[in-house]
Amino acid sequence: MGFSQWMFLWTIVFPIIVLLYYFFRKKYKEQEVASTLFWEQVMQETNVSPYLKHLQRNALFYLQMLALLLFVLALMNPYIKTEEITSEQVIWIVDTSATMLAGKEQSTFEKHREEMRSLVKTIGDRPLTIITTGSEPKAIVRQETNVQQIEKAIEGLTVTYEDEQLTKALEMANAFVGDTPTTIYLFTDALSRSDLPIENDHVKWIVKGAEQGLENVSITRLAATNAKDGTISLLQIKNETKENQTVRLSFFDEEGKELLKKTITLQAEEEWTNTFEGLPKSDVLIAAIKAKDDYEADNSLMSFVGNDPYEIAVGQNMHKLVQVGFQSLGLDVKSVPDEQLKSLKETIVVTNQTELLERNEPILLIGRDDEVEMEVNGKVEVSQDELFAFSSLEDVYVSAVYPPFENFETIAKVDEHPFIQRSPKGDIVILTDIEFTDWPLNPSFPLFLWSVQNEMMEGKSSLGIFTPNEQRAVSLVPGDWSIYTADGKYVFSFAKSQEFRAPTTPGYYIARSEHEEKPLIVQLPQKERTIQEGTSFELGNAVSGQVEVRNESLAKWIALMILILLVIEWEVQRRYGFANG
């Protein structure tokens with residue numbers, strides 16, 4: 001705290017004069033004495049500390065002196081130093097992804113919320129825009145200056161669990177910037193400086209990241225299928241810490257019944273993969289771990305168990321290793337003449353006939369019969385797709401590929417050419433013949449085929465597996481549908497299957513109509529199952545867009561205190577009158 005008007009310090013003489021007046025003026029007091037015998041004793045008691053006793057009796061004196069001192073203090077204009085954002089506008093980008101729940105004593109999200117509450121006081125009358133992240137970023141307040149509305153918006157912020165997709169939020173923020181000097185706060189967990197668009201020279205970036213030293217152990221993959229002697233499950237757990245971790249692993253069914261428990265030890269930074277056989281049969285399998293880490297949202301994962309799978313028909317012109325790959329998984333596979341493949345129903349067809357892509361049932365296309373291959377030479381690069389959860393293609397050699405399909409999603413490349421694609425309706429296309437690659441000799445090949453089979457089964461007996469807030473068309477009979485939690489709580493309703501959006505919170509749900517019901521699972525995106533080292537920094541230098549230190553005067557608060565003292569003095573005077581001289 002400081003004073004901006006030291007010249008008024010001389011006014012301290014006024015309360016000093018009043019104080020001296022109270023001490024040295026002559027004072028008389030009427031006093032009745034019962035007898036002259038007590039006169040001497042009364043005089044002695046009166047003369048003992050007469051000034052202190054007078055001050056103790058005179059409340060009005062104290063109040064007047066305090067009011068005078070506060071008046072002198074107000075004239076000197078005391079102030080405290082505060083920070084204020086001096087840019088013409090402020091934008092907050094708030095990361096609402098699941099990893100914001102990580103934290104030691106307090107989650108990153110709640111820590112950022114406290115910072116926002118504090119920053120509101122420094123904004124002043126500058127307009128504020130708050131943008132939340134996600135597949136569809138939202139501006140929850142736009143150019144707002146009302147503090148109450150801003151505080152209400154801050155309290156209403158929640159974690160949506162979906163991938164933050166910061167690029168989309170940054171593009172939205174850029175639309176608000178224009179040519180206006182702007183300070184943009186980005187409340188996230190970790191971000192690289194290179195991810196920020198710094199071409200605008202009148203924007204200052206202030207990144208608020210997570211605290212340092214967060215530790216995490218997560219379940220990254222889970223798949224399960226029924227076999228003759230029970231359920232077979234593939235599980236992957238990742239230890240992101242630099243120390244060995246002992247965790248307790250449990251498997252549950254959809255009703256919460258524990259099927260298996262086991263204690264395992266993970267090495268530092270180990271990615272542990274294991275197969276569990278002979279688990280009791282169930283429709284849904286849930287894996288959960290108990291570990292000493294700072295992020296609990298990724299400590300469980302659920303998956304549908306492959307029940308009543310499609311039959312698999314392999315065209316007779318396909319290489320024998322394709323059929324062997326499926327048979328090694330314990331699946332029923334039959335070899336069918338190519339001319340009969342088109343008429344098969346409830347069957348996964350494996351062929352190179354591109355005309356079969358028009359089938360309603362799923363198809364695995366290996367090669368093409370309508371194009372000529374081209375030579376390639378390079379490593380296989382895969383995207384972060386669930387099909388490659390248990391199969392690494394780094395050591396796979398491919399010598400030639402066919403031209404890709406337009407409007408198909410490319411999920412793997414070789415030599416910058418599409419290698420594996422997915423059609424809009426879910427068909428999988430491998431753009432090479434088995435003769436052009438050594439993939440079938442690699443252990444990843446049957447695991448890839450198993451992932452394909454599991455993905456194509458999805459939706460037959462269930463609605464499927466979704467990420468939080470994912471919007472996707474689903475195959476449902478037209479009608480009114482409602483979503484319920486596993487314990488029967490209503491979530492929302494929808495009428496058009498093309499407009500279906502998954503619930504926000506991960507878990508097991510049931511879609512119900514008047515005549516049918518189908519389960520669905522909402523689980524964290526793969527990217528939200530790992531945490532990064534927190535980063536905080538500032539970048540850029542906005543024109544008149546700095547965080548400036550200013551002096552906030554306390555005179556108004558002192559004036560309020562003086563007013564209260566005057567009211568108290570009036571009450572003392574009304575009750576007791578003026579001090580008796």
Side-chain angles (χ1 to χ4, degrees), residues 223 225 306 308-371 373 380 382-383 385-391 393 396 398 400-405 407-414 418-460 464 475:
T225 187
D308 191 21
Y310 284 113
E311 292 184 351
I312 299 175
V314 179
Q316 287 184 344
N317 68 334
M318 285 282 96
H319 199 284
K320 290 296 182 182
L321 289 177
V322 176
Q323 185 172 350
V324 171
F326 278 109
Q327 289 174 340
S328 67
L329 301 172
L331 302 175
D332 293 330
V333 185
K334 56 184 178 180
S335 180
V336 179
D338 293 338
E339 60 273 12
Q340 297 180 14
L341 293 175
K342 192 172 184 178
S343 61
L344 296 177
K345 303 294 182 183
E346 298 292 317
T347 305
I348 296 176
V349 170
V350 184
T351 182
N352 67 342
Q353 300 180 50
T354 56
E355 64 175 357
L356 295 184
L357 290 171
E358 300 176 359
R359 282 169 33 99
N360 292 327
E361 287 79 10
I363 178 174
L364 172 60
L365 191 72
I366 302 180
R368 295 184 65 167
D369 63 350
D370 60 341
E371 293 285 353
E373 73 277 3
V380 177
V382 301
S383 62
D385 193 276
E386 291 297 321
L387 281 182
F388 309 114
F390 300 101
S391 54
L393 276 61
V396 173
V398 181
V401 294
Y402 289 98
F405 291 89
N407 302 322
F408 280 25
E409 178 190 7
T410 299
I411 59 178
K413 293 182 178 181
V414 57
F419 173 44
I420 302 177
Q421 291 185 301
R422 180 186 284 110
S423 74
K425 74 180 183 70
D427 299 320
I428 302 300
V429 177
I430 301 176
L431 294 168
T432 190
D433 291 330
I434 295 301
E435 293 83 359
F436 300 150
T437 176
D438 63 352
W439 193 9
L441 305 178
N442 193 295
S444 66
F445 185 66
L447 292 174
F448 176 81
L449 295 179
W450 187 47
S451 298
V452 170
Q453 183 256 358
N454 281 342
E455 180 176 299
M456 290 182 174
M457 279 176 49
E458 193 175 290
K460 185 180 180 186
S475 178

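Just so we're clear, the structure is a prediction, and the values are computed from it rather than from any experiment.
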Excluding sequence neighbours, so at least two apart, what forms side-chain hydrogen bond (donor to acceptor under 3.5 Å, both in side chains) with [X]?
{"X": "Lys342", "answer": "none"}
{"X": "Asn317", "answer": "Asn352"}
{"X": "Arg359", "answer": "none"}

Subject >> Sequence-distant partners of Phe448, ring pair (Phe, Tyr, Trp, His ring centres under 6.0 Å), two or more places apart >> reply: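 Expected list: Phe388, Trp439.
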**OP:** For side chain to side chain contact (heavy atoms under 4.5 Å, CB included), just list the numbers for Ile430 and Leu364, CA-CA rounded to whole Å, side-chain angles, deciding distance to a tenth of an Å, and then say yes or no.
**Re:** CA-CA 8 Å; Ile430 301 176; Leu364 172 60; 4.2 Å; yes
Spacing of [atom1] belonging to [X] relative to [atom2] belonging to [Y], to within rounding of 0.5 Å:
{"X": "Ile312", "Y": "Gln453", "atom1": "CD1", "atom2": "CD", "result": "5.0 Å"}
{"X": "Thr347", "Y": "Lys334", "atom1": "OG1", "atom2": "NZ", "result": "5.0 Å"}
{"X": "Glu371", "Y": "Leu431", "atom1": "CD", "atom2": "CG", "result": "10.0 Å"}
{"X": "Met318", "Y": "Ile434", "atom1": "CE", "atom2": "CD1", "result": "7.5 Å"}
{"X": "Leu357", "Y": "Ile363", "atom1": "CG", "atom2": "CD1", "result": "5.0 Å"}
{"X": "Leu341", "Y": "Leu356", "atom1": "CG", "atom2": "CG", "result": "6.0 Å"}

Original post:
Side chain of Asn442, backbone of Ser444: donor and acceptor closer than 3.5 Å?
Top reply: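 Between the backbone of Ser444 and the side chain of Asn442 there is a qualifying donor-acceptor contact (under 3.5 Å).
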Closest non-hydrogen atom pair between [X] and [Y], with its separation:
{"X": "Leu344", "Y": "Ala313", "answer": "CD1-CB, 3.5 Å"}
{"X": "Pro446", "Y": "Gly325", "answer": "CB-O, 3.9 Å"}
{"X": "Phe445", "Y": "Leu321", "answer": "CE2-O, 3.9 Å"}
{"X": "Gln340", "Y": "Val336", "answer": "CB-CG1, 3.8 Å"}
{"X": "Lys425", "Y": "Asp427", "answer": "NZ-OD2, 2.8 Å"}
{"X": "Ser335", "Y": "Gln323", "answer": "CB-OE1, 3.8 Å"}

**OP:** Can you establish whether the number of heavy atoms outside Glu358 located under 6.0 Å from its atom CD is more than 12?
**Re:**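 Counting neighbours around CD of Glu358, 12 or fewer heavy atoms of other residues, nucleotides or ligands fall under 6.0 Å, so no.
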Subject >> Residues which pass side-chain contact (heavy atoms from CB on, under 4.5 Å) with Ala400, listed by chain and number, not counting sequence neighbours >> reply: Glu373, Phe436
**OP:** Side-chain contact test, heavy atoms from C-beta onward, threshold under 4.5 Å: evaluate it for Ile366 versus Thr351 and give yes or no.
**Re:**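 Ile366 does not reach Thr351 side chain to side chain.
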**OP:** Report yes or no: do Asp370 and Tyr402 form a side-chain donor-acceptor pair below 3.5 Å?
**Re:**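 No - no donor-acceptor pair under 3.5 Å links their side chains.
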Original post:
Passes side chain to side chain contact (heavy atoms under 4.5 Å, CB included), Val350 versus Leu449? Steps please.
Top reply: CA-CA 11 Å; Val350 184; Leu449 295 179; over 6 Å; no
Side-chain atoms of residues 407-414: list all donor-acceptor pairs with protein atoms under 3.5 Å, sequence neighbours left out, distances to 0.1 Å.
{"residue": "Glu409", "atom": "OE1", "partner": "Arg422", "partner atom": "NH1", "Å": "3.4"}
{"residue": "Thr410", "atom": "OG1", "partner": "Gln421", "partner atom": "NE2", "Å": "3.4"}

